[in-house]
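Letters A, B, ... mirror the listed sequences (proteins, then strands); counts begin at 1.
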Amino acid sequence: MPEVEVIRRGLNSILPGRVIKAVDFNWAKTFPNSQADVSKFLINAKVKNIARRAKLIVINLDSDYSLLIHLKMTGQLVFRSSELQFGAGHPTASLTGHLPDKSTRVTINFKDGSQLFFNDQRKFGWMLLLPTKALRLHSLYGRLGPEPLAPDFTAKVLKERLARRANSSIKAALLDQSVIAGVGNIYADESLWGAKIHPATIVKNLSPQRITKLQAELINILKLAIKKGGSTDRNYVNAEGKSGSYLSFARVFRREGQPCPRCGRTIKKIRVAGRGTHYCPHCQRLKIK
DNA sequence: CACTTGACCTGTCCGC
DNA sequence: TGCGGACAGGTCAAGT
């Protein structure tokens, strides 16, 4: 989610006011809308603003339709203005090659000559055009839990939401988007380390104090990650093609074999809820009540 | 119903 | 150098 939020902010500073001239796509699953809908509600539409819900990017258009985009793990949304085709020259730029490239699934061409490229190596990401009014009722939105960075996401709310997954591991519960919207694998591991909770702990065995600590850690870590421009594990870049630096601040994620920054013992990697999971065996003890 | 596993894809890395 | 297998940031449908 921090990565998506960083992209949203970038796009929201460059796209509003631009008018779509044409859209090219080369992978049908990426963009399942009919050609008729594309012509009617996307072509000639002007971008109003860019919003986010959970890990979804929402480009609101003046056609009263919204373009929803899910980047999954390897998706990118990279903007190139007509005069700066390569984004080159910037010392931290990490995606400076020619676009479209072999991973480009959709290209949105604006009337002023600028372009937005949707690249996705693994083809898991998608776009979907929906009427703006229908978004809240759509199943993509309806089952999502609360936004962890909203002001009303309190420890009490987290306790209530976790009660839905009382018998599963806390790691699985955190990754369940219907419990909380927006926590992914990196931030689940990082916040559990911060709260000193073993990732395999069954939710009902967590004390209220641990959950309160976890709520605070989630907020702190997500905010820090946004500030650092997100996490670049391999593919991630923001709208300008630059990578994020959060992983150099990460305490356990991808740090197996290294010393725990809190106690100095060796960080381990195991599998929990089907996902690679990093933790400190000393700081994060498995408590079975 | 609650919960876990496999599938969707491409690319990379590691052991043989 | 090549090949097979495991694994990768997410989310569903299908299974138990």
Are [X] and [Y] within salt-bridge range, i.e. N to O under 4.0 Å?
X	Y	answer
K72(A)	D120(A)	no
K171(A)	D189(A)	yes
E190(A)	K228(A)	no

Tell me: [atom1] of [X] to [atom2] of [N], nearest whole Å?
X	N	atom1	atom2	value
I270(A)	dC7(C)	CD1	C1'	16 Å
K29(A)	dA13(C)	NZ	C1'	13 Å
L174(A)	dG10(C)	CG	P	12 Å
K55(A)	dT11(C)	NZ	C1'	9 Å
L71(A)	dT11(C)	CG	P	11 Å
D176(A)	dT5(B)	CG	C1'	15 Å
Q76(A)	dC9(B)	CD	P	19 Å

Evaluate the side chain to side chain contact (heavy atoms under 4.5 Å, CB included) criterion for residues V6(A) and Y246(A): first the C-alpha distance (whole Å), next the side-chain angles of each, then the deciding distance (0.1 Å), finally the verdict. CA-CA 12 Å; V6(A) 169; Y246(A) 176 79; over 6 Å; no

Report the residue (R165(A) or W27(A)) whose heavy-atom-nearest nucleotide on DNA chain B is the more 5′ of the two. R165(A)

So, is [X] near the phosphate of [N], with a side-chain N or O under 4.0 Å from OP1 or OP2?
X	N	answer
R275(A)	dG10(C)	yes
K123(A)	dC8(B)	no
K72(A)	dC9(B)	no
K269(A)	dC7(C)	no
H70(A)	dG10(C)	no
R271(A)	dA8(C)	yes
Q177(A)	dT11(C)	yes
N167(A)	dC3(B)	yes

Show me the dot-bracket string of DNA chain B, counting Watson-Crick or G-U pairs under 3.5 Å, with | for pairs to another strand and [ ] for crossing ones. .|||||||.|||||||

For [X], which contact category applies under a 4.0 Å heavy-atom criterion: base, sugar-phosphate, or nothing?
X	result
G125(A)	nothing
N235(A)	base
E3(A)	nothing
T74(A)	nothing
N185(A)	sugar-phosphate
G184(A)	sugar-phosphate
F253(A)	sugar-phosphate
A273(A)	nothing
R254(A)	sugar-phosphate

Quick one: does T74(A)'s side chain have a donor or acceptor within less than 3.5 Å of a partner on N235(A)'s backbone?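 Answer holds: no.
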
When H282(A) is tested against each of K196(A), R262(A), R265(A), K268(A) for side chain to side chain donor-acceptor pair (under 3.5 Å), which residue passes?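 So the option named by the test is R265(A).
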
Checking side chain to side chain donor-acceptor pair (under 3.5 Å) against Q258(A), which of E256(A), R254(A), R255(A) comes through?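 With Q258(A) as partner, E256(A), R254(A), R255(A) yield a single side chain to side chain donor-acceptor pair (under 3.5 Å), made by R255(A).
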
Inspect the surroundings of NZ in K159(A) and state if more than 12 heavy atoms from other residues, nucleotides or ligands are less than 6.0 Å away. yes

Using atom P of each nucleotide, how far apart are dC1(B) and dT11(C) to the nearest Å?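 Result for the P pair: 23 Å, nearest Å.
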
For atom P, what is the distance between dC9(B) and dC3(C), given to the nearest Å?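 So the two P atoms sit 24 Å from each other.
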
Within-4.5 Å side-chain heavy-atom neighbours: L71(A) and E3(A):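 Heavy-atom side-chain distance check fails, nothing below 4.5 Å.
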
Relative to each other, are the rings of F41(A) and Y65(A) parallel, tilted or perpendicular (30° and 60° limits)?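 F41(A) and Y65(A): parallel rings.
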
Relative to the 5' end of DNA chain C, which residue comes earlier, L140(A) or H278(A), by the nucleotide with the nearest heavy atom? H278(A)

So which one's nearest nucleotide on DNA chain C is more toward 5', Q121(A) or R143(A)?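 Checking each residue's closest nucleotide, the 5'-ward one belongs to Q121(A).
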
Would F124(A) count as stacking on dC8(B) if stacking means ring centres less than 5.5 angstrom apart and planes tilted under 30 degrees? yes

Any idea which of dT4(B), dG11(B), dT11(C) is nearest the K102(A) side chain? dG11(B)

